[in-house]
Amino acid sequence: MAYTGTPQPLTVLAQGPDAAPPVLPEAHVTGADPLLLSGTVGPARADELDTAFHGVREALAGRRIIDVNSTMNGGGVAEMLHRLQRYSRGAGLDARWFTMRGDPAFFALTKQLHHFLHGADASGPPLDRAGAEHYAAVCEENARALLSAVRPGDVVTLHDPQAAGLVAHLRQAGARVVWRCHVGTDDPNAYTDRAWAFLRPWLETADAYVFSREQYVPGWLAGRRVAVIRPSIDPLSAKNWPLTPSAAAAIVSRVGLRAPADRDGPAVYRRGDGSVGRVRRNSTCLCSASPPPADAPLIVQVSRWDPLKDMAGVLTSFAEAGDSLDGAHLALVGPDVTGVTDDPEGGRVFAECEALWHRLPDQVRARAHLACLPMADSEENAVIVNALQCSAAVVTQKSLAEGFGLTVTEAMWKGRPVVASAVGGIRDQIEDGVHGILLDDPSDGVSFAAQTSSLVGDRCLAGALGAGARCRVRDNFLDDRQLLQQISLYRNVARV
Ligand code: UDP
């Protein structure tokens, strides 16, 4: 991704001098009654949520709640917004979700900020004056397009570095503004300092700030309104709804990650609107000598193609572990690299993994598989991820840094044994040896392979960790809990 460092003309949204002000893309999410969660979380928790929604609806008195991020597909923020919007709308709130537009230079710069907030170095564009001017110009243009949908008193949540530059514009328009940051590190360093030096001037006037962990809150926010809200998953979504083993097997076969078997059912699932969906698309890109046999244990990692997810590290460890993995196959799975518009690194990271895969010895390559999943239909994409997680003997998440790690939560909810790095929000989810296995040093490929192979070979331990994991998620990381915190924040901010 080339970045020239020179400010770009304002062409991201504008369509010509006489064109009407452009409008930002809006996601139209169908509402769902939060009481539907009752069957999973129990009537007491569902009633508490229903009462809280009733209260905030009265307090907002018709004012909107609006979310703004930079993609509708791919990654944890988009995943979460779908459901927060779904239940908020179902509860009668006027909830809207817009996504920003930007050019490659804008997304290269904001990806650089993303890495820096994780405390990681990256080879992106410099955070210099030219970069800041371009960032300002793109944000200003997005703000102009957004303002037609925002009224004074509306509560607007802006997500991550991409949307930080909208804060002042929205405050000026009379909105109440929350900035929510989904990334961070427990050990701030020179990179995090550089990110905050860039972002802080944009963020000063927000009414409140939200982080996924206390450790991520920068010191300069002392005395401001800060909430720590951990992400969560929706047990009723296509991503997490229970699948029968035969449906899961058929769906995994459909995308080329398992050989079909006679006993397989059709590759069907229940869609959010109640209709029956059928997985029709294959993986958009598949590196696989031939599909894993139907009865082979499958080690699965699902992630965006991002260097911090360390897909390449997983592949290397798998190759080095050799026979100790007991005939297991590895599936590294991510989104179609053209499908996540705000992530400029996907193509490069996938290409690096692909090159590594081609260099593997034949007998290892036969057991390692890379797949890019179709993104054209988000429910279809979600159910494929669901089927892969359900079918896994072990799920891994060998991230070098992680804001929270929804893929870990999703696997835990399915009762899968997880081996994951002890970084960021993963540490809030897994107590080592109780809800999964934590890898102290995420760069230690030898330990990673040893922990993974011990779980592949020990069904009893795998079963116990999976059962602990499911309880952990039920008690702490389902959407009703996050929605309650979110509602409390809306009430506080609306009162400002
Ligand atoms: N995901 C997906 N399809 C893919 C790859 C990832 O739906 O091909 C989802 C994954 O299931 C999870 C989210 O993207 O819900 C990733 O969230 P996480 O918090 O793990 O990481 P992030 O991408 O936000 O850094």
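Atoms considered below: every heavy atom in the structure, side chains included; atoms not considered: hydrogens, waters and symmetry mates. Ligands are counted one by one from 1 in listed order, and the atoms in each one are counted from 1 as well. All residue numbers refer to positions in the sequence shown, counting from 1.
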Colleague: Less than 3.5 Å apart, any donor N or O on the side chain of Asp103 or His134 sitting next to an acceptor on the other?
Modeller: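 Side-chain D/A pair, Asp103 to His134: present.
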
Colleague: Taking atom types as modelled, is there a side-chain donor on Asp67 or His159 under 3.5 Å from an acceptor on the other?
Modeller: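 Asp67 vs His159: donor-acceptor pair found between side chains.
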
Colleague: Within the 3.5 Å criterion, strictly below it, is a donor on Arg101 or Asn142 matched to an acceptor on the partner's side chain?
Modeller: no

Colleague: Compute whether any side-chain donor of one residue and acceptor of the other, for Gln486 and Arg180, lie under 3.5 angstrom apart.
Modeller: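 Side chains of Gln486 and Arg180: pair found under 3.5 Å.
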
Colleague: Do Asn69 and Gln162 have side-chain N/O donor and acceptor atoms under 3.5 Å apart?
Modeller: no

Colleague: Have a look at ligand 1 and work out which part of Glu402, if any, has a heavy atom under 4.0 Å from it: side chain, backbone, both or neither.
Modeller: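 For Glu402, only side-chain atoms sit under 4.0 Å from ligand 1.
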
Colleague: Pull out every atom of ligand 1 sitting under 4.0 Å from any heavy atom of Val385, numbered as shown with elements.
Modeller: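 Near Val385, the atoms of ligand 1 are 2 (C), 3 (N), 7 (O), 11 (O).
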
Colleague: Considering heavy atoms of the protein only, find what lies nearest to atom 8 (O) of ligand 1 and give residue, atom and distance to 0.1 Å.
Modeller: Pro335 N, 3.0 Å

Colleague: For the residue pair Arg89 and Tyr87, confirm or rule out a side-chain donor-acceptor distance under 3.5 Å.
Modeller: no

Colleague: Return yes or no for this condition: an N or O of Ser303 is under 3.5 Å from an N or O of ligand 1.
Modeller: no

Colleague: Looking at ligand 1, would Gly403 count as a contact under a 4.0 Å heavy-atom criterion?
Modeller: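 In this structure, Gly403 fails to qualify as a contact of ligand 1 - no heavy atom is under 4.0 Å.
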
Colleague: Looking at Gly334, which atoms of ligand 1 are within less than 4.0 Å of one of its heavy atoms?
Modeller: 8 (O)

Colleague: Pick whichever of Lys239, Lys309, His82, His182 has a heavy atom sitting closest to atom 25 (O) of ligand 1.
Modeller: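 It is Lys309 whose heavy atom sits nearest to atom 25 (O) of ligand 1.
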
Colleague: For atom 3 (N) of ligand 1, find the nearest protein heavy atom and state the residue, atom name and distance (0.1 Å precision).
Modeller: Asn381 OD1, 3.1 Å

Colleague: Check the orientation of Trp202 and Tyr135. Use parallel for under 30°, tilted for 30 to 60°, and perpendicular for over 60°.
Modeller: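 Trp202 and Tyr135: perpendicular rings.
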
Colleague: Side chains of Asn73 and Thr71: is there a donor and an acceptor less than 3.5 Å apart?
Modeller: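 Asn73 vs Thr71: no donor-acceptor pair found between side chains.
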
Colleague: For atom 12 (C) of ligand 1, what is the closest protein heavy atom, and at what distance to 0.1 Å?
Modeller: Glu410 OE2, 3.4 Å

Colleague: Between Asp234 and Ser237, does any side-chain donor sit less than 3.5 Å from a side-chain acceptor?
Modeller: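 Looking only at side-chain atoms, Ser237 and Asp234 do not form any donor-acceptor pair under 3.5 Å.
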
Colleague: List ligand 1 atoms under 4.0 Å from Thr407, heavy atoms only on the residue side.
Modeller: 10 (C), 12 (C), 20 (O)

Colleague: Can you report which non-hydrogen protein atom sits closest to atom 16 (C) of ligand 1, along with the distance?
Modeller: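 For atom 16 (C) of ligand 1, the nearest protein heavy atom is Gly76 N, 3.5 Å.
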
Colleague: When you measure from atom 23 (O) of ligand 1 to every protein heavy atom, which one gives the shortest distance, and what is it?
Modeller: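 Ranking protein heavy atoms by distance from atom 23 (O) of ligand 1, first comes Arg304 NE, 2.6 Å.
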
Colleague: Just by distance, with hydrogens left out, do Ser421 and Glu402 show a side-chain donor and acceptor under 3.5 Å apart?
Modeller: no

Colleague: Which is it for Val302 and ligand 1 at heavy atoms under 4.0 Å: side chain, backbone, both or neither?
Modeller: side chain

Colleague: For atom 14 (O) of ligand 1, which protein heavy atom lies nearest, and how many Å away is it?
Modeller: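 The closest one turns out to be Gly75 N, 3.5 Å.
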
Colleague: In the protein, what heavy atom is nearest to atom 18 (P) of ligand 1, and what distance, to one decimal place, separates them?
Modeller: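 Protein heavy atom with the smallest distance to atom 18 (P) of ligand 1: Leu406 N, 3.4 Å.
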
